[in-house]
Amino acid sequence: MAHWGYMTTNGPSTWGKDFPIANGERQSPIDIVTTAAEYDSDVLGSNALSTNYTPESEVKLVNNGHSIMCQITKKGVLTGGPLGKDEYRLEQFHLHWGAEDNRGSEHTVDGKMYASELHLVHWNASKYSSFADAVQKPDGLAVLGIFITPGVACNQFKVISDNCGKLKTSGAEMTVDTTLDPTLLLPSNTSDYWTYLGSLTTPPLFESVTWIVFKEPVEYSKEQLLALRNLVDSDGNHMQDNYRPPAALKQRKVKKTFT
Ligand SMILES: C[C@H](CNC(=O)c1ccc(S(N)(=O)=O)cc1)Cn1ccc2ccccc21
Ligand SMILES: [Zn+2]
C-alpha cells in the first residue's frame, strides 16, 4: 500500500481505497455553515468548556512525515461543554497548513479557508485507559481546532517555529529544553466555538472525535508560517497543503455556543 499523503497519487481523494470509512457518516473536516449551526443553551450554556493544562517542562517535537507534532508528557485536562463531565487528557498537538496564506486549514467557515489549523488532541480518560484504547471509540477523542491567520508572531509557538529547521526530514525528533504552556496556544475567546461529531482527518480516519472549533483565530507571523512550509515530508517534498478538504455533513448538526 502506497503510504497515504497529500500528493495527487496518495492524497485525500485516494484514501477511500485503503480506508473505506473515508466516505463514512461522520467524517472530518467539514465546512461550517454559520447560519445552519444551532445554538444549544442546555448542553453548551450550562457547563462551560474548561481546560486545565500543566505547562510542559521540555518540548518534544516530531516530524511524523505529514505534520509537525508536539508530544505532551504532563497531565492536561479538557472537560465541560459537549464533553459533559468526562475528562479528556491532552495527548499531542500538531498543525495543518498551506503553501500560501490563502489555504491550509481543514475546517472552513462559510467556505473560508484559513492559512493553518492547530489541533490539540485529547482522549477520554474518564472512560478509557489509554489513547490507543480510546482512538476507535465513538466518544474516545476530543480535538480543539484553532484557526491560524497571518499577523503578529505567537510567542508560545516560537519554540516550534524556531526549531522546524532542525526537524526538516520525516522521522526527525528533538527535545527542546524550554517550557511550553498549551493554554497560551488557545485564542483569548474560548467561549465561542462550533462543535460536532466527526473523525480523525487523516487515515485511519476513525470516527471517534468530538470536534470543538473556536470562532476566534490566532495570529502567527509570516516567518512562523514560512517555517512550517520548509518542513520536508516522508516523500522528501516540502510539507505543504497537508490538509484534507471538507467532507459531507450527512445527517449531522453543528452546534454553536454563541448567538
Ligand atoms: C490513529 C493513530 C494515529 N493518528 C492520530 O493519532 C491522529 C490524531 C489526530 C488527528 S486530527 N488531524 O484529526 O486531529 C489525526 C490523526 C495511530 N494509532 C494509535 C493507536 C492506534 C490503535 C489502532 C490503530 C491506530 C492507532
Ligand atoms: Zn490534525
Side-chain angles (χ1 to χ4, degrees), residues 1 3-6 10-12 15 18-22 24 26-32 51 60-73 76 78 82-83 88-98 103-108 113-125 127-148 157 160 170-171 173 182 185-186 193-214 217-218 220 228 231 233-234 239-247 252:
M1 163 188 92
H3 191 74
W4 65 268
Y6 294 94
N10 65 358
W15 293 351
D18 293 311
F19 306 95
I21 202 169
R26 57 172 279 190
Q27 287 291 293
S28 294
I30 59 168
D31 177 42
I32 297 165
T51 59
K60 301 168 95 62
L61 299 174
V62 181
N63 173 336
N64 61 19
H66 40 83
S67 183
I68 181 161
M69 180 174 75
C70 174
Q71 291 169 319
I72 297 297
T73 59
L78 172 71
L83 309 177
Y88 285 67
R89 176 91 37 98
L90 181 61
E91 171 80 10
Q92 53 106 324
F93 64 81
H94 64 274
L95 301 99
H96 305 260
W97 60 90
R103 60 185 190 274
S105 67
E106 299 210 292
H107 291 90
T108 53
M113 206 172 249
Y114 285 88
S116 175
E117 188 171 328
L118 171 65
H119 289 158
L120 274 69
V121 183
H122 308 71
W123 58 275
N124 191 335
K127 290 184 71 174
Y128 306 111
S129 56
S130 67
F131 176 79
D133 182 31
V135 77
Q136 297 188 71
K137 306 291 194 307
D139 60 352
L141 305 182
V143 181
L144 296 181
I146 296 114
F147 291 124
I148 308 297
F157 191 69
I160 292 106
S170 168
E173 303 194 7
L185 294 171
L186 303 179
Y193 58 82
W194 297 281
T195 182
Y196 75 99
L197 297 181
S199 73
L200 300 178
T201 65
T202 63
L205 301 170
F206 293 147
E207 297 187 328
S208 56
V209 181
T210 298
W211 277 96
I212 293 162
V213 179
F214 292 115
V218 165
Y220 287 5
L228 293 173
L231 287 164
D233 66 18
S234 43
M239 196 185 287
Q240 299 177 352
D241 296 325
N242 56 347
Y243 61 90
R244 186 192 194 188
R252 291 177 287 180

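Index from 1, following the sequence. Values reported hereafter were calculated over all heavy atoms of this structure, with side chains retained and with hydrogens, waters and symmetry mates removed. One-based numbering, in listed order, for ligands and for the atoms of each.
- The protein heavy-atom contact nearest to atom 12 (N) of ligand 1 is T201 OG1, 2.8 Å.
- Seen from the Zn ion (ligand 2), atom NE2 on H96 and atom NE2 on H94 lie at an angle near 110° (rounded to 10 degrees).
- Among protein heavy atoms, the minimum distance from atom 23 (C) of ligand 1 is reached at Q136 NE2, 3.7 Å.
- Neither the backbone nor the side chain of W123 has any atom closer than 4.0 Å to an atom of ligand 1 (non-hydrogen atoms only).
- Remark: ligand 1 atoms within the under-4.0 Å shell around heavy atoms of H96 are 12 (N).
- Looking only at protein heavy atoms, the nearest one to atom 14 (O) of ligand 1 is H94 CE1, 3.2 Å.
- With respect to atom 7 (C) of ligand 1, the closest heavy atom belonging to the protein is L200 CD2, 3.9 Å.
- By the 4.0 Å heavy-atom criterion, W211 is counted among the residues contacting ligand 1.
- At a 4.0 Å heavy-atom cut-off, ligand 1 touches P204 through the side chain alone.
- Of the protein's non-hydrogen atoms, F206 CE1, 3.9 Å is the one closest to atom 25 (C) of ligand 1.
- One finds the CH2 atom of W97 at 11.0 Å from the CD atom of E106 (value rounded to the nearest 0.5 Å).
- Remark: minimum distance from atom 6 (O) of ligand 1 to any protein heavy atom is reached at F131 CZ, 3.4 Å.
- Within the model, atoms OH of Y220 and CD1 of I146 stand 7.5 Å from one another, a figure rounded to the nearest 0.5 Å.
- Under the 3.5 Å distance criterion, with hydrogens and angles disregarded, a donor-acceptor pair is assigned to the side chains of Y128 and D139.
- Between the S199 side chain and the S28 main chain, a donor and an acceptor come within less than 3.5 Å of each other.
- For atom 18 (N) of ligand 1, no protein heavy-atom neighbour is found at a distance under 4.0 Å.
- Summarising the geometry, atom CZ belonging to R103 is positioned 5.5 Å from atom OH belonging to Y243; distances are rounded to the nearest 0.5 Å.
- For atom 15 (C) of ligand 1, the closest non-hydrogen atom on the protein side is T202 OG1, 3.3 Å.
- The nearest heavy-atom contact from the protein to atom 22 (C) of ligand 1 is V135 CG1, 3.8 Å.
- Between H107 and the choices Y114, F147, Y196, the ring pair (Phe, Tyr, Trp, His ring centres under 6.0 Å) rule is met once, by Y196.
- Distances from atom 3 (C) of ligand 1 to the protein include no heavy-atom value under 4.0 Å.
- Checking D233 against S170 by side-chain atom types alone, no donor-acceptor pair falls below 3.5 Å.
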